[in-house]
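Hydrogens, waters and symmetry mates are skipped; everything else that's a heavy atom, side chains included, is used. Quick caveat, the model's predicted, so the values are computed rather than measured.
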Amino acid sequence: MNAIADIFPNLMQGVGITIKVLLGSVILGYLIAFISGFCRLSRNPILRGFTRFYVEIFRGTSLIVQLFWFYYALPILFGIDIGSNYWAGVLAIALNYGAYMSEIVRGSILSVAKGQTEAATALNMSPFQRMRLVIFPQAVRMMLPEFGNYLIQMLKATSLVSLISMSDILYYGDILRSNNISQAPTIYFLILVFYFIMALPLIWLTRKMEKVSKKGVASQ
């Protein structure tokens, strides 16, 4: 118990950074997902092609490597300075998960029954009105369960920012472990507990999203 009492306050120092990275990644990641999802449905072949290139690059490469590219490679190779390790971490996580979620946005919009579009067209709605008033609200409901799952995935991905010297929970855990290797099992057990506790409200939110998604989607 004494070991836990010593370790716990140290790990608590990293909670704020973990939450800040998560919030930044979620806001930017969802924004990228919606923009990319709509671009993938665009009639403009250049826009469609560029977005597809982005999606395939970020889905097909490792998040850790992308993180190192933003933090180490871009400043050296191209003189592009992201600004701080915080923004390097947020950009890498947001772009990576934004690529995955953009496919959810695209797939959900395409999954709305064609009869809905035809009915809206019969009511003389413009393409923008059809998307805003008929298709998009139903598509969002279908996106919610998967978006909830990716929210939890992004929380777990925040642990990678310790690799670029951000002082999150894992960073403090690694420092404690390097000072006293015999405490490693206790340290990493407590880190698991920290992440699980932070994931609990996200799990609850995901379940709420699943319930909401079952309502109000037309099947024909």
Passing candidate, side chain to side chain contact (heavy atoms under 4.5 Å, CB included) with Phe196, options Leu200, Val193, Leu192 | Leu200
How are the rings of Tyr100 and Tyr150 set to each other: parallel, tilted or perpendicular (split at 30° and 60°)?
-> parallel
Is the closest side-chain donor-acceptor distance between Ser167 and Gln13 under 3.5 Å?
-> no
Let me see the working for Phe70 and Ile80 under side-chain contact (heavy atoms from CB on, under 4.5 Å), right down to the final yes or no.
-> CA-CA 9 Å; Phe70 279 114; Ile80 299 173; over 6 Å; no
Exceeds 12 heavy-atom contacts within 6.0 angstrom, atom CZ of Arg59 | yes
Give a yes or no answer on whether the side chain of Thr206 reaches the backbone of Gly148 with a donor-acceptor pair at less than 3.5 Å.
-> yes
To the nearest 0.5 Å, what is the distance between CG (Asn10) and CD1 (Ile169)?
-> 12.5 Å
Aromatic rings Phe34 and Phe136: how do their planes relate, parallel, tilted or perpendicular, breaks at 30° and 60°?
-> perpendicular
Measure from NZ or CZ of Lys20 to the centre of the six-membered ring of Tyr86 and say whether it is under 6.0 Å with the direction within 45° of the ring axis.
-> yes
Here the gap from Ser108 atom OG to Gln138 atom CD, rounded to the nearest 0.5 Å, amounts to 11.5 Å
List the atom of Leu11, the atom of Ile187, and the distance in Å for their closest heavy-atom pair.
-> CD1-O, 4.2 Å
Spell out, as yes or no, whether a donor-acceptor pair under 3.5 Å connects the side chain of Ser42 to the backbone of Phe38.
-> no
Taking everything shown except Ile46 itself, do over 12 heavy atoms lie less than 6.0 Å from its CD1?
-> no
Heavy-atom neighbours of Phe50 CZ exceed 12 at 6.0 Å = no
Flag if over 12 foreign heavy atoms under 6.0 Å of OH, Tyr171 = no
Do other residues, nucleotides or ligands put more than 12 heavy atoms under 6.0 Å from the CZ atom of Arg207?
-> no
Taking all non-hydrogen atoms of both residues, which atom of Ala92 and which atom of Gln66 are closest, and how far apart?
-> O-OE1, 4.0 Å
Indicate yes or no for a side-chain donor-acceptor contact from Asp168 to the backbone of Gly14 under 3.5 Å, with no hydrogens or angles considered.
-> no
Donor-acceptor pair, Asn180 side chain versus Leu176 backbone, under 3.5 Å?
-> no
Could you state the interatomic distance from CZ (Arg106) to OG1 (Thr51), rounded to the nearest 0.5 Å?
-> 11.0 Å
Which atom names give the shortest non-hydrogen contact between Leu170 and Ser162, and what distance separates them?
-> CD2-OG, 3.6 Å
Tell me, with the steps shown, if Tyr54 and Ile32 meet side-chain contact (heavy atoms from CB on, under 4.5 Å).
-> CA-CA 11 Å; Tyr54 148 69; Ile32 290 170; 3.1 Å; yes
Exam field: side chain Ser36 to backbone Ala33, donor-acceptor pair closer than 3.5 Å = no
Hey, what do you get for CG (Leu28) to CE (Met154), rounding to the nearest 0.5 Å?
-> 10.0 Å
Which distance, rounded to the nearest 0.5 Å, do you find between the CE of Met101 and the CD of Gln153?
-> 11.0 Å
Residue Ile64 excluded, over 12 heavy atoms near CD1 under 6.0 Å | no
For Glu118 and Thr121, run side-chain contact (heavy atoms from CB on, under 4.5 Å): C-alpha distance rounded to whole Å, both residues' side-chain angles, the deciding distance at 0.1 Å, then the answer.
-> CA-CA 5 Å; Glu118 292 167 358; Thr121 304; 5.6 Å; no
Taking all atoms of both residues into account, what is the closest heavy-atom pair of Thr117 and Arg130, and its distance?
-> O-CD, 3.7 Å
Of all heavy-atom pairs between Gln129 and Asn124, which one has the smallest distance, and what is that distance?
-> OE1-O, 4.4 Å
Quick one: closest heavy-atom pair of Gly173 and Ile191, and the distance?
-> CA-CD1, 3.9 Å
Please round to the nearest 0.5 Å and tell me the distance separating atom CE of Met12 and atom OH of Tyr172.
-> 12.0 Å
